[in-house]
Amino acid sequence: MKIGIVCYPTFGGSGVVATELGLGLADKGHDVHFITYKRPVRLTAFHANVYFHEVTAMEYPLFEYAPYETSLAGKLVDVVRFEKLDILHVHYAIPHAAVAYMTKQILKSQGIQIPVITTLHGTDITLVGNDSSFAPVVEFSINESDGVTAVSEQLKQETLDTFHIKKNIKVIHNFIDFSRFRKTNKDHFRKAIAPDGEKILVHISNFRKVKRVEDVIGIFAIVSKKIKSKLLLIGDGPERKYMEDLCRTLHLCDEIRFLGKQEAVEELLAIADLFILPSENESFGLAALEAMACEVPIISSNAGGIPEVNIDGVTGYMCEVGDVEGMAAKSIELLEDDVSLNKFRKNAFIQAKRFDISEILPQYEAYYHEIIEKVGSMNN
Ligand code: GMT
């Protein structure tokens, strides 16, 4: 198949999933065209079947905001037409599903049918998409997509509860590539970060409010009083400055390291003893899955789709959002008992295997075929 993928190219979960999906499809022999404003962060090496089309939003003195949507639609029309794409798969509804709708209409007027699939990732429904300024557009463009997928059962349900959706939503969970995410020996890293045998707690996110990074620090403040430990905070975003201030106020700067955005997160996960994800909302929790693939148990909130990934009492523990004491107590319980910690490590790995890319990719391929056939038969 010739597949067009539209996504955000930055360090967000949806862009990561879209890129890994595209690369996986290319490995299976499909031609994959990424169309976005910057080379996606995980699209690093040359691949014979992978193409990247950069969208440049046009500047003009009249425009206070460069109309990216118009430039993206123009580029999509061009790529679908000249590369003869079979399907367009857009990740994150805003604005991609609406742009895909416009693209479809333009191409239709030129006698070209392009099936469109929209994948919902989370905040495009929960936090941003349900804002009244976006909601009518999101609802309309989901209903106008030929196929719709959600990354968890919970996100599907929340979408149905929030909007009037006439389309069937197919759940295809996020996935993990074990050739990259697996536990490797990085003892030299461990020695550098925790020279006195301290336990290592890790949090990775985009440092937005929804991630509740202040809870990660609150949990660590309690844990570090009982257990010699270090906390690695990986990623960057609007909350980082406040989190640095909080560490200073709590006099925890020697124990907490801000590592910023990192490419090879699997090398840091290789030395982690616990992964902390206390999010206010999380449609899936890809970062937790990446940690589990590296045999790291999860201490998390029970928000959104997290319970579909982290199994309470098996692969880690879950508490209510904001229950810092509870999450700290569970962290201490695990970190104090190496036997139990090792059991949870193994369980985390076994659960992550359910989301192996080799299990999930064929679900997308089958869905592409189904939607291409459906659109084809509607137009015959
Ligand atoms: O807000 C973010 O964390 C980024 C966001 C995105 O769209 O890039 O992540 C969402 O999509 C990920 C991939 O499907 C999911 O694993 C995250 O749970 C989801 N984030 C939220 O729902 C907050």
Side-chain angles (χ1 to χ4, degrees), residues 5-22 24 36-38 40-42 89-97 117-131 134 138 142 148-159 161-162 169-177 181 203-213 215-216 233-240 261 265 275-293 298 300-310 318 321 352 354-355 357 360-361 363-364:
I5 292 185
V6 179
C7 63
Y8 283 103
T10 47
F11 279 83
S14 61
V16 168
V17 170
T19 313
E20 302 284 359
L21 172 63
T36 181
Y37 59 85
K38 205 162 75 184
V41 278
R42 289 212 180 163
H89 186 179
V90 303
H91 290 259
Y92 206 88
I94 308 162
H96 300 144
I117 292 179
T118 298
T119 290
L120 310 173
H121 280 273
T123 45
D124 46 352
I125 297 299
T126 55
L127 200 68
V128 191
N130 63 8
D131 185 272
F134 285 134
V138 171
I142 290 174
V148 184
T149 76
V151 299
S152 64
E153 293 289 349
Q154 185 278 334
L155 181 60
K156 170 180 175 173
Q157 198 47 55
E158 190 154 356
T159 308
D161 293 344
T162 310
I169 300 178
K170 185 173 178 63
V171 174
I172 303 183
H173 283 116
N174 285 335
F175 53 84
I176 190 86
D177 182 353
F181 286 93
H203 169 79
I204 306 176
S205 76
N206 48 28
F207 282 61
R208 293 193 209 134
K209 271 201 174 305
V210 69
K211 303 293 175 180
R212 296 185 69 100
V213 186
D215 286 4
V216 178
L233 292 172
I234 301 168
D236 213 330
E239 290 291 292
R240 174 164 170 182
K261 291 176 182 170
V265 285
F275 187 86
I276 314 290
L277 190 71
S279 305
E280 179 88 37
N281 208 335
E282 201 70 66
S283 67
F284 181 88
L286 184 64
L289 178 59
E290 292 179 344
M292 288 161 68
I298 310 296
S300 70
S301 67
N302 56 6
I306 296 178
E308 291 171 51
V309 182
N310 185 21
M318 284 189 298
V321 173
R354 283 188 51 219
F355 303 98
I357 188 167
I360 306 292
L361 218 96
Q363 297 179 31
Y364 274 112

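Count residues from 1 along the sequence. Every heavy atom of this structure was used, including side-chain atoms; hydrogens, water molecules and symmetry mates were not. All ligand and atom numbering here is 1-based and tracks the order in the structure. Treat the numbers as computed from the prediction; the structure is a model and nothing was measured.
- When the heavy atoms of Ile125, Leu286, Asn174 are ranked by distance to atom 13 (C) of ligand 1, first place goes to Asn174.
- In this model, no donor atom of one side chain and acceptor atom of the other lie less than 3.5 Å apart for Gln157 and Glu153.
- In the model, Ser301 has no side-chain atom that pairs as donor or acceptor with a side-chain atom of Ser279 under 3.5 Å.
- Ring centers of Phe284 and His121: at least 6.0 Å apart, outside the cut-off.
- Within ligand 1, the atoms closer than 4.0 Å to a non-hydrogen atom of Gly13 are 4 (C), 6 (C), 8 (O), 12 (C), 13 (C), numbered from 1 in the order shown.
- Close approach of ligand 1 to Gly122 is summarised as follows: ligand atoms under 4.0 Å from at least one heavy atom of the residue are 22 (O).
- Contact annotation for Asn206 and ligand 1: only side-chain heavy atoms (C-beta onward) come within less than 4.0 Å of the ligand.
- Those atoms of ligand 1 that come under 4.0 Å of a heavy atom in Phe284, given as number and element, are 16 (O), 18 (O).
- Close approach to Val151 involves these atoms of ligand 1, each under 4.0 Å from a residue heavy atom: 14 (O).
- In terms of modelled atom types and a separation under 3.5 Å, the side chain of Glu239 and the main chain of Val213 share no donor-acceptor contact.
- Here Tyr8 has no heavy atoms under 4.0 Å from ligand 1, in either its backbone or its side chain.
- Ring geometry, Tyr8 versus His96: the interplanar angle falls from 30° to 60°, so the pair is classed tilted.
- Taking every heavy atom of Tyr92 and a limit of under 4.0 angstrom, the matching atoms of ligand 1 come to 7 (O).
- A donor-acceptor pair under 3.5 Å links the side-chain atoms of Lys156 to the main chain of Ile169, judged by distance alone.
- Considering backbone and side-chain atoms alike, Glu282 places an N or O below 3.5 Å from some N or O of ligand 1.
- Counting only non-hydrogen atoms, the option in Arg208, Lys211, His173 that gets closest to atom 3 (O) of ligand 1 is Lys211.
- Atom numbering of ligand 1 starts at 1 in the shown order; those under 4.0 Å from a heavy atom of Asn281 are 23 (C).
- Put simply, CG on Leu21 and NE2 on His89 are 6.5 Å apart, with the number rounded to the nearest 0.5 Å.
- Considering Leu277, Val309, Val321 as possible partners of Ser300, the one that fulfils the side-chain contact (heavy atoms from CB on, under 4.5 Å) test is Leu277.
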